[in-house]
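All heavy atoms count here, side chains included; hydrogens, waters and symmetry mates do not.
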Amino acid sequence: MESRYNPAEIEEKWQQVWAEQGIDDTPEEQNKPKFYALSMFPYPSGSLHMGHVRNYTITDVIARVRRMQGYRVLHPMGWDAFGLPAENAAIDRGVHPAKWTYQNIAQMRAELKRLGLSYDWKREVATCSPDYYRWTQWIFLEFLKAGLAYQKEAAVNWDPVDQTVLANEQVDSEGRSWRSGAKVERRLLRQWFLKITDYAEQLLTDLEKLDGWPDRVKLMQENWIGKSTGAEVYFQTEMGDALTVFTTRPDTLWGATFMVLSPEHPLVETLTTAEQADQIKAYQAEAADKSEIDRTAEEREKTGVWTGSYAINPVNDQKIPIWIADYVLMGYGTGAIMAVPAHDQRDFEFAKTFNLPIQVVVQPADQPLDSETMTAAYPGDGAMVNSGPLNGVTAGKGANQSVDVAINWLEANGKGKRMVNYRLRDWLISRQRYWGVPIPVIHCPSCGIVPVPEVELPVRLPEEVDLSGRGASPLAKLESWTNVPCPSCGTPATRETDTMDTFIDSSWYFLRFTDATNEQQVFNSAKANDLMPVDQYVGGIEHAILHLLYSRFFTKFLRDRGLLSIDEPFQRLLTQGMVQGLTYMNPNKGGKDKWIPSNLVDPANPIDPQTGEPLERLYATMSKSKGNGVAPEDVLTKYGADTARMFILFKAPPEKDLEWDDADVEGQFRFLNRVWRLVMEFAERQPSSGTAPSPASVNNSLTNAEKDLRYAIHYAIQQITEDVEEGYQFNTAVSELMKLSNALTDAKCKDSPIYAEGIETLLRLMAPFAPHITEELWHSLARPGSIHQQAWSTYDPAALVVDEISLVIQVNGKTRGTIPVSAQASKAELEAYARESELAQRYIADKAIKKVIVVPGKLVNFVVA
RNA sequence: GCUGCUGUAGCCCAAUUGGAAGAGGUGCUGGUCUUAGAAACCAGAGGUUGUGGGUUCAAAUCCCACCAGCAGUACCA
């Protein structure tokens, strides 16, 4: 045998052949069932990292299996190509964002191709391309038409040094800008929003339809949407101003002894009396200055200031003081609460701190509460007391219980009404940045906001732009671009200079893939309805809320605009775990210095190169700052794509974190070498046409060695098919491939047609995992066509029937040994064999048998005194 | 603090869902081969299934409590 396994040679060869033959293009045959496999598309940051490799390999295996199973598979790839890093590269290095981005795309595309990922490259999209963002703008105009895109004043994160708005995730935990390091200010600015709150209820209830999603992702979305049911209640201030609160416990209204407003509440100024003004102002300033972290710090003492004013409790006309406190958030409910210290822990703490009255209105059955002596709020069940019309009603949220009765009473008396409140806020999509989709509207002094006419789309980003990084939005400074006539009346007007949040771009890309080159429409509805929903979506857990929620929102919106007939975009979701690298830490150092890059450390003697101190070894998510990354390039060069793919699939179940281990990578390379030798040896010996026998012609005529091998083959088919279809247990699937390979190596019947069947089956089952080596070996067997166009193997149940099993003999649950019995033996026969067995006799002797448990195919257990 | 996930051989991980604790890999030890090593092949050792209790004929698996690690979330009225 001459040829050695040389991945570098065969991988490039087959990648070219496949591309020329277009075998990964999405088939058109409508008689085949469709399957849409999708990985979350990457931001083109420069080069692939291992997290990408893992993500795309998982999806690729799924896509390849489905192809072999006869589906017409859509498996596309694209680029989430707008965003800040490109703009920062321009600021720091003077490269135009477009140039930087397209260079990165070219490099990463090449890397993806080296991995042998079976993409339909004809559908590639980049969100920064005018062909794509033209339709992003078109969708925005649909939102505008539907009244779901609007402008309003909002408090945003403002960086006073860089003179720009920052997203929440660009502000660190100390409230500083990630770029300038300046303390971020809250500033009121006029911004664009999408009315996602209109879809809050659907986004919540439709989670039930997503049984292919991990529970924890659904739970996170549920918490994010944050539905609570209750009532709004109309209070009035002593001076007659309306003051509405939201509460989930309107039944405890009679126990409200004060009110609390958020420091930012618009009524605070009106309510503040002259004597309290200084204190209130000081408190407001303090609250404004505090970062979110400070305000929500653990175990914080309650703080607040009395406004000097009172409100009237609408249910009993009691005069109650109005305070402000930062534990009431302007962003939730109405920014004002009624405080019921007896039955709400926060209100209780506040009342205790400021010596405010406590009124019990729910009495538990066993231990009556005393407002004087209670040490914590009582949120539990009981009977209503001191509550006028509610007295005696059972406290609770059920029908005819206190909450329900209270709401009916409020509605009947015009003092409130039933209300559902959501934590979910409308989506702020404005960004004062250059490298994003221009919002396609024009501000006209006489017509107001005028959408750019559809025929004029896309509103292109100007190429000549000053990206020095300081001052206002780069687009706002570009007068030649902003000054345009109003499309409606022709008077001089200005373009909107905000660009869109890049999450908009990724909220519909999966739809564009179904019709990626359409120049007339955002996508053809028939095509989208045919290929959608995505049958399997694979990506990181970090998108559990934002991207997935936004995409669900877009899908529902486009459905309501008549463009789609589906409710949910992603049928099944797999969130893959992180890739962790071997990491060295100096426990004596703090901050970022404690991470010692692995290229500076001798693995045999891990010490700090600067101080000589011993280092701790651990596994942590690969990152630049820890210096623990492994570059996919290096692995591909050393071992090839097939080894990298096999290792990643084998090392851990897909949803769990994966520890990168060079020794295990070697192990996979060894396995591929073993398969290579196994098949090449066979290829040299095989008869000119080594076709496998048909199942009908086998079984009875087989030798024991052949029967055993055939069992191993069909067991592998059964197990691997199960692993790749159901739980995506690729780690165990690979282990089954190894077992089959071992069985073939050990087989005593290498000239039998069963052996040929085994070799072919191994290659077919392994093809989705290691596409290059299996293709090469397939051709070395002189088999026709590409292995990737072969049908997925199906198992013959007859091959899995065994004649004899080992029956476990237990006495009092303890295993005492096994006896061989016929696999077909009945329950009674099994018991009889077991009783007669020497094993049982030895352990039971003359003891009385109290009970016998017989589990067919498994064991017999004697319970003795 | 709350919620969720995880804990099995030195390490990564399996275990037909309650039925003999072990599939696969890695590492380790020994052997074959070799002048020697590497590679390859063969063989072997390695366990209180995080801890304690409970249910059961039988528990890694189900229930309760606790411990450890990871993740999410945090005054949401």
Side-chain angles (χ1 to χ4, degrees), chain A residues 214-217 219-220 223-224 226-228 230 233 245-250 252 256 259-260 262 292-293 295-300 302 325-329 331-340 343-347 349-350 421-424 541-542 544-545 577-578 580 618-621 646-647 650-653 655-668 670-671 673-674 677 718-719 722 729 731-742 745 806-818 850-864:
Chain A
D215 286 338
R216 61 178 181 143
V217 174
L219 191 68
M220 282 163 77
N223 291 338
W224 186 264
K227 178 181 184 176
S228 18
V233 184
V245 303
F246 171 76
T247 176
T248 57
R249 292 295 302 273
T252 62
M259 293 186 79
V260 187
S262 159
E292 285 291 308
I293 295 292
R295 269 177 82 154
T296 57
E298 226 172 303
E299 311 264 318
R300 235 185 105 227
K302 289 281 178 292
D326 61 10
Y327 82 92
V328 176
L329 309 172
Y332 185 78
T334 62
I337 62 158
M338 62 169 203
V340 185
H343 305 291
D344 180 286
Q345 185 59 25
R346 295 154 302 178
D347 298 345
E349 287 166 21
F350 195 82
N421 196 52
Y422 299 92
R423 207 186 77 111
L424 183 69
I541 186 74
E542 67 274 15
I545 296 171
M578 303 277 194
Q580 305 184 318
L618 60 140
Y619 281 91
T621 303
M646 290 288 284
F647 164 77
F650 176 68
K651 180 69 177 173
E655 64 285 349
K656 284 188 70 175
D657 286 347
L658 178 154
E659 296 179 0
W660 190 272
D661 179 356
D662 290 331
D664 283 331
V665 181
E666 289 272 3
Q668 286 306 315
R670 280 204 285 269
F671 172 62
N673 273 289
R674 279 201 293 276
R677 283 196 305 270
Q718 185 197 35
Q719 291 301 308
E722 216 169 84
Q729 303 293 319
N731 53 330
T732 51
V734 172
S735 127
E736 290 296 334
L737 290 171
M738 292 171 168
K739 267 168 80 176
L740 178 55
S741 157
N742 291 345
T745 306
S806 310
L807 185 71
V808 173
I809 307 295
Q810 293 187 338
V811 178
N812 286 343
K814 282 204 182 92
T815 299
R816 295 304 186 185
T818 64
K850 283 163 67 181
K851 199 173 170 187
V852 181
I853 288 113
V854 181
V855 183
K858 299 260 192 246
L859 60 80
V860 175
N861 184 14
F862 295 101
V863 185
V864 299

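Between A/Arg674 and B/rC41 there is a side-chain N or O to OP1 or OP2 distance below 4.0 Å. In this model, the phosphate group of B/rA40 is approached by a side-chain N or O of A/Arg670 to a distance below 4.0 Å at OP1 or OP2. Between A/Thr732 and B/rG24, a side-chain N or O to OP1/OP2 separation shorter than 4.0 Å is absent. Remark: A/Lys851 is in phosphate contact with B/rC57, judged by side-chain N or O atoms under 4.0 Å from OP1 or OP2. Between A/Asn421 and B/rA77, a side-chain N or O to OP1/OP2 separation shorter than 4.0 Å is absent. The phosphate of B/rA74 (OP1 or OP2) has a side-chain N or O of A/Arg423 nearer than 4.0 angstrom. Applying the 4.0 Å criterion to OP1 and OP2 of B/rC41, one finds that A/Arg677 has a side-chain N or O inside that range.
Within residues 658-666 of chain A, the residues approached by RNA chain B to less than 4.0 Å at the level of any non-hydrogen atom are A/Glu659, A/Ala663, A/Asp664, in residue-number order.
In this structure, A/Arg816 places its CZ atom where more than 12 heavy-atom neighbours from other residues, nucleotides or ligands lie under 6.0 Å away. Environment of CE in A/Met738: crowded, with over 12 heavy atoms of neighbouring residues, nucleotides or ligands closer than 6.0 Å.
Rounded to whole Å, the separation between the C1' atoms of B/rU26 and B/rG46 comes to 14 Å. Going from the C1' atom of B/rC62 to that of B/rG69 covers 24 Å, rounded to whole Å. The separation of B/rC67 from B/rG53, taken at their C1' atoms, amounts to 15 Å, rounded to a whole angstrom. When the C1' atom is used for both B/rU8 and B/rG50, the distance is 10 Å, rounded to whole Å. The separation of B/rA20 from B/rA15, taken at their C1' atoms, amounts to 12 Å, rounded to a whole angstrom. B/rA38 and B/rG22: their P atoms are spaced 32 Å apart (whole Å).
The nearest whole Å value for the distance from the CZ atom in A/Phe246 to the P atom in B/rC75 is 17 Å. If you take NZ of A/Lys814 and P of B/rA59, they are 10 Å apart, rounded to a whole angstrom. Regarding A/Met738, its CE atom lies at a distance of 6 Å from the C1' atom of B/rG25, rounded to whole Å. What separates CG of A/Asn742 from P of B/rG24 is a distance of 7 Å, to the nearest Å.
The base of B/rG24 is not paired with the side chain of A/Glu736 by any donor and acceptor separated by under 3.5 Å. No hydrogens or angles were tested; on distance alone, a donor-acceptor pair under 3.5 Å links the side chain of A/Ser735 to the base of B/rA23. For a distance-only test at 3.5 Å, the side chain of A/Lys302 qualifies as a donor-acceptor partner of the base of B/rC75.
Taking every side-chain heavy atom of A/Thr248 into account, B/rA77 is the closest of B/rA77, B/rC75, B/rU3. Of the candidates B/rG4, B/rC13, B/rA20, B/rG4 carries the atom nearest the A/Arg216 side chain, counting heavy atoms from C-beta on. With B/rC13, B/rC75, B/rA77 as the choices, the nucleotide that has an atom nearest any side-chain atom of A/Pro653 turns out to be B/rC13. In the set B/rU16, B/rA40, B/rA23, B/rU16 carries the atom at the smallest distance from any side-chain atom of A/Lys858. In this structure, of B/rA14, B/rG4, B/rC57, it is B/rC57 that holds the atom nearest to the side chain of A/Ile853. Residue A/Val328 has its side chain nearest to B/rA77 when only B/rC13, B/rA20, B/rA77 are considered.
Ring orientation note: the planes of A/Phe350 and A/Tyr327 are tilted relative to one another, at an angle of 30° to 60°.
Checked for salt-bridge contact, A/Glu349 and A/Arg346 miss the test: no charged N lies under 4.0 Å from a carboxylate O.
Side chain of A/Thr745 to backbone of A/Ser741: a donor-acceptor contact under 3.5 angstrom is found.
For B/rU29, the O4'-C1' to base torsion is more than 90° from 0; the nucleotide is therefore anti.
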Steps toward ring-ring contact (aromatic ring centres under 6.0 Å, His included) verdict (A/Trp660, A/Tyr619): CA-CA 8 Å; A/Trp660 190 272; A/Tyr619 281 91; over 10 Å; no
Atom pairs, protein N/O to nucleotides 42-45 of chain B N/O, distance under 3.5 Å:
none

